[in-house]
Amino acid sequence: TITLLEVTDTALIVDTVILCAGDSVEFFGEWLSVSGIYDHFEPIGNCVQHNQLVLQVLPPFDLDLEITQPTCFGFSDGSLTVQGGQGNLQFSLDGANWQADNVFDSLGAGSYEVFVQDENGCALQAEFTVNDPPQVFVQLPPDVTIEWGDTLTLQPTVLQDNLQFSWSPPDWLSCTDCQNPLAQPQDTILYVLTVADPNDCPASDSIQINVELTKAVYVPNVFTPNGDGINDGFYLFADGVAEVLLLRIFDRWGELVFEGANFPPNDERFSWDGVFRGKPMNSQVFAWYAIVGYVDGTTELLKGDLTLLR
């Protein structure tokens, strides 16, 4: 008996595929993501087509992100250092512009995404956030108006401890490196306060002090030197006057009956008591003139009439 055997030829087709971790490949309707050798046989006429897939899935690589926050609020001196992976890596913050350096600097506060790609084209991405440190805060009161000669305590509002204070300009301040200096400005001035925390993070604010000088001299036109303790002397009442430089009083014939110089206003001790050459003068009208010196250094000549009543 003769038996005829059917001989079937087999065609072998081998594909080798390398995948990055997390990727997959389709092999005759099946998605594969694990390393291995996969076979698929398919009859074609008297032949069998043997398809073989050699799949290598590369191991994943991890990233370690070291974030340096900005030194001060609003600064762009933060940085990112990417650690991890092996071989020649490329780094990017936008997925388009790549660099071999694993450090990104000049970063301000915000949310970012970093991309890392190895020499096999495998990529990994991660999100990170750069946070601003607390903002150094200082606030001065609104601008203020004071009278010449008044003293004002400057009181800023701050939120942090261990701040350094610097006031500018130093004119008419009791201190320039304290928190609450006393100010006695003799003219309108703008003070600027700059504060800094231990990291030298600054903040500043300003206050304008408007200085008003009231120049007013009040001279009585009648006095009654009768010893009753009321209006017994003639002297000058004034605001903004530092000194009466000269005061002269004349009778109606032009004789000088009183003269005083370089004395303060508003002080009865320097008044004229109506006595001339040791004798009380009778009721009559006198003429006077005075030169006053104001606190700002200016002077003024004043004159008028004065009635003495007994």
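- In this structure, CG in Leu65 is found 11.0 Å from CD in Glu127, a value given to the nearest 0.5 Å.
- Under the ring-ring contact (aromatic ring centres under 6.0 Å, His included) rule, Trp272 has a single partner from Phe286, Phe263, Phe250, which is Phe286.
- Using cut-offs of 30° and 60° for the angle between ring planes, the His50 and Phe41 rings count as parallel.
- Taking the six-membered ring where the residue is Trp, Trp167 and Tyr191 present perpendicular rings, their angle passing 60° and hence far from 30°.
- Grouping the Ile, Leu, Val, Met, Phe, Trp and Tyr side chains by contacts below 4.5 angstrom, directly or via other members, places Ile249 apart from Val275.
- Not a single donor-acceptor pair under 3.5 Å links the side chain of Asn199 to the backbone N or O of Cys201.
- Side chain of Asp305 to backbone of Ala287: no donor-acceptor contact under 3.5 angstrom is found.
- Looking at heavy atoms from C-beta onward, Phe104 lies out of side-chain contact with Ser79 at the 4.5 angstrom threshold.
- For an aromatic pair to be called close, the ring centres must be under 6.0 Å apart, and Tyr112 with Phe128 satisfies this.
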Under 3.5 Å, side-chain donor or acceptor atoms of residues 239-248 against the rest of the protein: list the pairs with distances, not counting sequence neighbours.
{"unit_1": "Arg248", "atom_1": "NE", "unit_2": "Glu259", "atom_2": "OE2", "d": "2.6"}
{"unit_1": "Arg248", "atom_1": "NH1", "unit_2": "Tyr289", "atom_2": "OH", "d": "2.9"}
{"unit_1": "Arg248", "atom_1": "NH2", "unit_2": "Glu259", "atom_2": "OE2", "d": "2.8"}

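- For the pair Asn210 (side chain) and Thr145 (backbone), a donor-acceptor distance under 3.5 Å is absent.
- Residues Val34 and Leu55 have side chains not in contact (no heavy-atom distance under 4.5 Å, counting atoms from C-beta outward).
- One finds the CG atom of Leu140 at 12.5 Å from the CD atom of Gln208 (value rounded to the nearest 0.5 Å).
- No side-chain donor-acceptor contact under 3.5 Å links Arg277 to the backbone of Val257.
- When side chains are defined from C-beta on, Asp232 does not count as touching Phe223, because their heavy atoms never get closer than 4.5 Å.
- A distance of 6.0 Å separates CG of Asp143 from CD1 of Ile207, quoted to the nearest 0.5 Å.
- Thr224 places no side-chain N or O within 3.5 Å of a backbone atom of Asn226 that could act as its donor or acceptor partner.
- Between Trp98 and Phe115, the angle of the ring planes goes over 60°, which puts this pair in the perpendicular group of the 30/60° scheme.
- Annotation: the span from Ser33 atom OG to Asp23 atom CG amounts to 9.5 Å, rounded to 0.5 Å.
- Linking ILVMFWY residues whenever their side-chain heavy atoms come closer than 4.5 Å, directly or via other members, leaves Leu190 and Val144 in distinct clusters.
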Please lay out, stage by stage, how Glu300 and Tyr294 fare under the test side-chain hydrogen bond (donor to acceptor under 3.5 Å, both in side chains).
-> CA-CA 8 Å; Glu300 185 178 7; Tyr294 293 103; 2.4 Å; yes
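- A side-chain N or O of Thr214 and one of Glu147 form a donor-acceptor pair less than 3.5 Å apart.
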